[in-house]
2 protein chains.
Amino acid sequence: MRPTLQDMASILNLSKSTVSRALAGDPRVAEATRNRVVALAERIGYRPNPIAQGLATRRTNIIGLAVPCAPRSLSDPFYLEFLGAAGDTAMRYGYSLLLSAADGDGADGYHPHMELAHSARVDGMILTEPKIQDERVGILRKMGLPFVFLGMAEDPDVSWVSGENTGGAAEAVAHLIDLGHRKIACVTGPADQTASETRFKGYREALAEAGIPLDLNIVASGDFTQIGGYQAMKSILRHDGDISAVFASNDVMAFGVMRALREAGLVIPDDVSVLGFDGIPLTQYVNPPLATVRQPISELGSAIVEVLVGQMNGKSLCPIHKVLNVEYQPAGSVAPPRCR
Amino acid sequence: MRPTLQDMASILNLSKSTVSRALAGDPRVAEATRNRVVALAERIGYRPNPIAQGLATRRTNIIGLAVPCAPRSLSDPFYLEFLGAAGDTAMRYGYSLLLSAADGDGADGYHPHMELAHSARVDGMILTEPKIQDERVGILRKMGLPFVFLGMAEDPDVSWVSGENTGGAAEAVAHLIDLGHRKIACVTGPADQTASETRFKGYREALAEAGIPLDLNIVASGDFTQIGGYQAMKSILRHDGDISAVFASNDVMAFGVMRALREAGLVIPDDVSVLGFDGIPLTQYVNPPLATVRQPISELGSAIVEVLVGQMNGKSLCPIHKVLNVEYQPAGSVAPPRCR
DNA sequence: CTAATTAATGCAACCGGTTGTATTATTCGT
DNA sequence: ACGAATAATACAACCGGTTGCATTAATTAG
């Protein structure tokens, strides 16, 4: 059996409370006593039982992470990198990440991730893929559980951390326009997600800036997966094969787009330029390398944990909205349009 | 405040124990009483506090998952898919996954993932990337904590779940040989991992079978990352540019290999064929699509959780070794060698 | 009709910590 | 030298459940 606080107390002829306080660094215990306690703990390998601590303090030091399981995310390297950074930062603050990898997007009013929230097992939650009119906000707020979104939330009272979607998309699309592209297709994400909306907005702004009318025939929505991007591109090509560039709302969909274009006999970038979003490492390893808007993925992971930790400690009661800079990253998948 | 068992008991004029037993389905409580209890629980939204349950029962219903954070894994889609399936299956069995995403591989004798194990927060652990002579085995065994490896472990007494590495690699390499390839380079994983060893063994077996001598000049080891594959391939090309095919021990490294080949002016598959391992979805989206050995990634995730759950329930005291079939998946990155 | 069973519930200890307050031992001022 | 302040530690309640055993009530057998 692992030693308990009581074991330590018995050995040292002290009370549980003194031992507990000694380990917690309470200034009330004498220096000499603390040393004895620490030495013994070291020697017999005592470690406080976090479950018992959790019961007593009502804090678990665990952060719940709601990653959408199906169909997206769990094959999107973006999330892995994000998750790694978040986990690392959490650890630095003394927290662990409890994964809620559940199917179901709450379309039926049932939010599987909220199970975790209700469970009293976590001190706070990180939510991904904020929706327009996200029902989870109400649920969590009612419970008084701190939470932070990865991605912009509509409600001004909730905290979130996001990349500069609109500006980044606008800048990248403007770059396509500068090269001479006029017919630029767009593969968006699911309409109910704020990330889809904000990136699409950047696309529209860039077109508007250049005086190019929005043509909905060359806009299709995917679901942030490779297949989704593939299918969306197919559908665009059926309507109108005469595009010279495509902006996909994330890299993974861009890969699907590239495949659809190739299957249509089009060469990238000679016939069609392709632009992604996210900046996952893989973009540099495909052929041709994918131009993209690089998000600081790891920083997003770190920042979101830091914001959440702040909320949990009650330091900042007011909501925090953090926008991290993104950067257009040119690559071989983008070139001037074919002369004609 | 969320209602407690005591609250329920007070309202119903029952004792805590009866309420607890009613909810647990103990046959000793009267049917009518149970109904009252369940109805009230439903009405006021009572949910047992898992922390308190954990303290009382000494079970947390949490599975620890040690994912190697740096440098690999957390950008390898393989792990995400695995993780998704594992999380899903865990949930089905009433468990959650606690992530240990920490740096450090124990090279200095310190294993960050073991923190989780020591914490008494988890009922069992899933370990990835088993090493040859893995020190973690001793640590966990001493604590008596159930654990299962993803990938073959040397020690016959530990449980593991793995794809058929050796056979799969041999079959795929044999396919290259059938096509006429003779000089087949190999980019292996880190030498201390069993996965590297077993896949490399398949490569050697296929060569031996065909009477082709092993040439260590065209073998280099990577670290299962894109960059690692890229650098390993570069180094092979420096020694000997005259290869006609490459077998990379995982898909992600294969992407790096492809990039290195392209930078050397070589065309895939005309000049050099490339073969990967894992079968991540992305293989079908790169150009040309990557031939690979498809592992049943989701099944690996499900199976490993099931094995672990079995161990935790003490059903099976004897170690379980589960090998899942893999399948060679041809694609455009492999073609007969250029005639000369 | 009483003793022995059985059914239903309650009591109280326990899991392993934290923390407010009481207690004892020192030290200090005057 | 004595009461007050201070330092160091102990006591005991509490967090919210689970569980062995005692208790009470109802039923059955003889």
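In what follows, chains are A, B, ... by sequence order, proteins preceding strands, each numbered from 1. The shown structure was predicted, so the numbers you read here are calculated from the model rather than taken from an experiment.
- For C:dT19, the OP1/OP2 oxygens have no side-chain nitrogen or oxygen of A:Ser17 closer than 4.0 Å.
- Distances from the side chain of A:Val29 to the nucleotides C:dG17, D:dT9, C:dG10 place D:dT9 closest.
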Item to complete: Would you sort out whether A:Leu150 and A:Phe82 count as a side-chain contact (heavy atoms from CB on, under 4.5 Å), showing the intermediate values?
Response: CA-CA 10 Å; A:Leu150 171 64; A:Phe82 169 77; 3.7 Å; yes
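- Among D:dA10, C:dT18, D:dG17, the nucleotide with an atom closest to any side-chain atom of A:Leu14 is D:dA10.
- The pair A:Arg47-B:Glu115 meets the salt-bridge criterion, with a side-chain N (NZ, NE, NH1 or NH2) lying under 4.0 Å from an Asp/Glu carboxylate O.
- Separating the CG atom of B:Asp26 from the P atom of D:dT19 is a distance of 10 Å, rounded to the nearest angstrom.
- If you measure from atom CG of A:Leu23 to atom P of C:dT18, you get 8 Å, rounded to the nearest angstrom.
- Residues B:Gln311 and B:Ile320 have side chains in contact (heavy-atom distance under 4.5 Å, counting atoms from C-beta outward).
- One can find a donor-acceptor pair under 3.5 Å joining the base of C:dG10 and the side-chain atoms of B:Arg21.
- Contact check, A:Thr4 against C:dG16: no side-chain N or O comes under 4.0 Å of OP1 or OP2.
- Closest contact between the side chain of A:Thr57 and the listed nucleotides C:dT19, C:dG16, D:dA8 involves C:dT19.
- The CG atom of B:Asp7 sits 13 Å away from the C1' atom of D:dC15 (whole-angstrom rounding).
- Distance CZ (B:Arg28) to C1' (C:dA7): 11 Å, rounded to an integer number of Å.
- Atom CD in A:Gln6 sits roughly 10 Å away from atom P in D:dC11 (whole-Å rounding).
- Regarding contacts with the backbone of D:dG16, a side-chain N or O of A:Arg58 is found under 4.0 angstrom from either OP1 or OP2.
- Considering only side-chain N and O atoms, A:Gln53 lies under 4.0 angstrom from the phosphate OP1 or OP2 of C:dT18.
- Between B:Lys16 atom NZ and C:dC14 atom P the separation is 14 Å, expressed in whole Å.
- For the pair A:Arg36 CZ and D:dT9 C1', the interatomic distance rounds to 12 Å; values are reported in whole Å.
- Computed from coordinates, the A:Leu55 CG to C:dC15 C1' distance equals 9 Å when rounded to whole Å.
- Considering only the side chain of A:Ala56, C:dG16 comes nearest among D:dA10, C:dG16, D:dG17.
- Using a 4.0 Å cut-off between charged side-chain N and carboxylate O, B:Glu129 and B:Arg136 make no salt bridge.
- Contact check, A:Ser20 against C:dT18: a side-chain N or O comes under 4.0 Å of OP1 or OP2.
- Taking CZ of B:Arg121 as the start and CD1 of A:Ile62 as the end, the distance is 4.0 Å to the nearest 0.5 Å.
- Each of B:Ala52 and B:Thr33 was matched to the nucleotide of DNA chain C holding its nearest heavy atom; the match closer to the 5' end belongs to B:Thr33.
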